**Q** 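Take this structure, written in structure tokens, and hold onto it; I'll ask about it next.
Keep in mind it's a predicted model, so treat the numbers as computed, not measured. Counting starts at 1 for both ligands and their atoms, in listed order. Scope of the values below: all heavy atoms of this structure, side chains included, with no hydrogens, waters or symmetry mates.
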Amino acid sequence: MTRSPATSRWTAHDVPDQHGRTVVITGGNTGIGFETAQVLAQRGATVVLACRNPGRAADAQARIASAAPSARVSTLALDLASLASVRRAAETLRADHPCIDVLINNAGGMRRHHNLTEDGFESTLATNHLGPFAFTGLVLETLLATPDSRVVTVSSIGHRRGVINFDDLHSVHRYRNSTAYFQSKLANLMFTYELHRRLTAAGVSTIAVAAHPGNARTEFGREMSAPARAALSPRLRAVTSWLLQSPQMGALPTLRAATDPDVHGGDYYGPPGRAQFTGHPARVESNTRSHDTAAQRRLWQESEQLTGVTYPLPRQPSDPHPPRIDA
Ligand SMILES: NC(=O)c1ccc[n+]([C@@H]2O[C@H](COP(=O)([O-])OP(=O)(O)OC[C@H]3O[C@@H](n4cnc5c(N)ncnc54)[C@H](OP(=O)(O)O)[C@@H]3O)[C@@H](O)[C@H]2O)c1
């Protein structure tokens, strides 16, 4: 597919033909994930919707099938807040799909109240970072076996307000839902940049890329206060359109990161401009803190220790222990 260069706006029409490619998308049943999955399926990709709620996953699968009857869409049970579920899902995926061209770590949320998962992780951190870290590591061999594959991780403008609190990663001493969310979204970028460095050092063709949707009207606000939920409602579109865009627009940065041949490892895509709230996707910059390589390495090591998942990549000089390959 050709596109007029430089000044043209990147849209869903710029997604190249995806026949013969397999894309796995977490949280593909609604919001940005659903819109991303729908476009990729319409372009011919084999799409796996990795979702925690089987009913909502089946409903999304049916909606995509009714819009594109020839679409190849399947579902996979995956609760990112449970390491047992992550391991089961990764095992099923590896057994069913010898190739994965793109893994999109899209699922995410913000828990209103402090909650520890069955693994003892703070729930927002578990869903948004530790679960995706483990899932990616457990399917990495399949990605590595697929030429030019990509890991796309969905972050947020909110990363700018994030701090990785290594002294209290699970917010046991103090919990604020926004603080936990911003930490997790900063972690998404640090994970991407550290993974990019490790993939580059290994000399493989798989790349790691990040994206963010700006602000989009999705179900994201489901655990927010009533006024915040009201502000996200499409009914207020006329007054909030400078701040919020449609889920279709919100999916474009992810779609670009996943499919544009000009994307490079370590890139970050989102709406352009200073605020990055709305607009067609372009390469954007994340904040200085996200590029702190010492913090990236420390987060990687903490994530390995917490999840017990070690990536099948050559050891880095900073790694404390020899790698243990999880099968
Ligand atoms: N909307 C925005 O303005 C905005 C801004 C910045 C970044 N983002 C990011 O965009 C991504 C998608 O969010 P969205 O706006 O599309 O929100 P959404 O409409 O609420 O969709 C979130 C998706 O994540 C899934 N999910 C939540 N917890 C999960 C878990 N434990 N295991 C597996 N899946 C889980 C949800 O599944 P269920 O349907 O079963 O709940 C749903 O499919 C998130 O990473 C979010 O942080 C969104």
**Q** Distance only, no hydrogens: is a donor on one side chain within 3.5 Å (strictly under) of an acceptor on the other, for Asn128 and Ser184?
**A**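 Indeed, the side chains of Asn128 and Ser184 share at least one donor-acceptor pair under 3.5 Å.
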
**Q** Mind jotting down which residue pairs meet the ring-ring contact (aromatic ring centres under 6.0 Å, His included) criterion with at least one end in residues 202-240? Sequence neighbours excluded, please.
**A**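 ring-ring contact (aromatic ring centres under 6.0 Å, His included) check on residues 202-240 returns Tyr181-Phe220, His212-Tyr268.
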
**Q** Tell me every residue that passes salt bridge (Lys or Arg N to Asp or Glu O under 4.0 Å) with Arg52, counting only those two or more places apart in sequence or in another chain.
**A**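 Salt bridge (Lys or Arg N to Asp or Glu O under 4.0 Å) check on Arg52 returns nothing, list empty.
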
**Q** Can you list the steps and then say if Ser171 with Glu122 is a side-chain hydrogen bond (donor to acceptor under 3.5 Å, both in side chains)?
**A** CA-CA 7 Å; Ser171 314; Glu122 188 283 313; 4.8 Å; no

**Q** Do the ring centers of Trp10 and Tyr269 come within less than 6.0 Å of each other?
**A**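 When the ring centroids of Trp10 and Tyr269 are compared, they turn out to be at least 6.0 Å apart.
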
**Q** Below 4.0 Å from any atom of ligand 1, which residues have a heavy atom? Give them in chain and number order, please.
**A**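 For ligand 1, the contacting residues are Gly27, Asn29, Thr30, Gly31, Ile32, Arg52, Asn53, Arg56, Leu78, Asp79, Leu80, Ala81, Asn106, Ala107, Gly108, Thr127, Val154, Ser155, Ser156, Tyr181, Lys185, Pro213, Gly214, Asn215, Ala216, Thr218, Glu219, Phe220, Arg222.
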
**Q** With clusters built from Ile, Leu, Val, Met, Phe, Trp and Tyr whose side-chain heavy atoms come within less than 4.5 Å, directly or transitively, what are the remaining members of the cluster of Met190, listed by chain and number?
**A**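 Besides Met190, the cluster holds Leu83, Phe121, Leu125, Leu130, Ile164, Phe166, Leu169, Leu186, Leu299, Leu306.
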
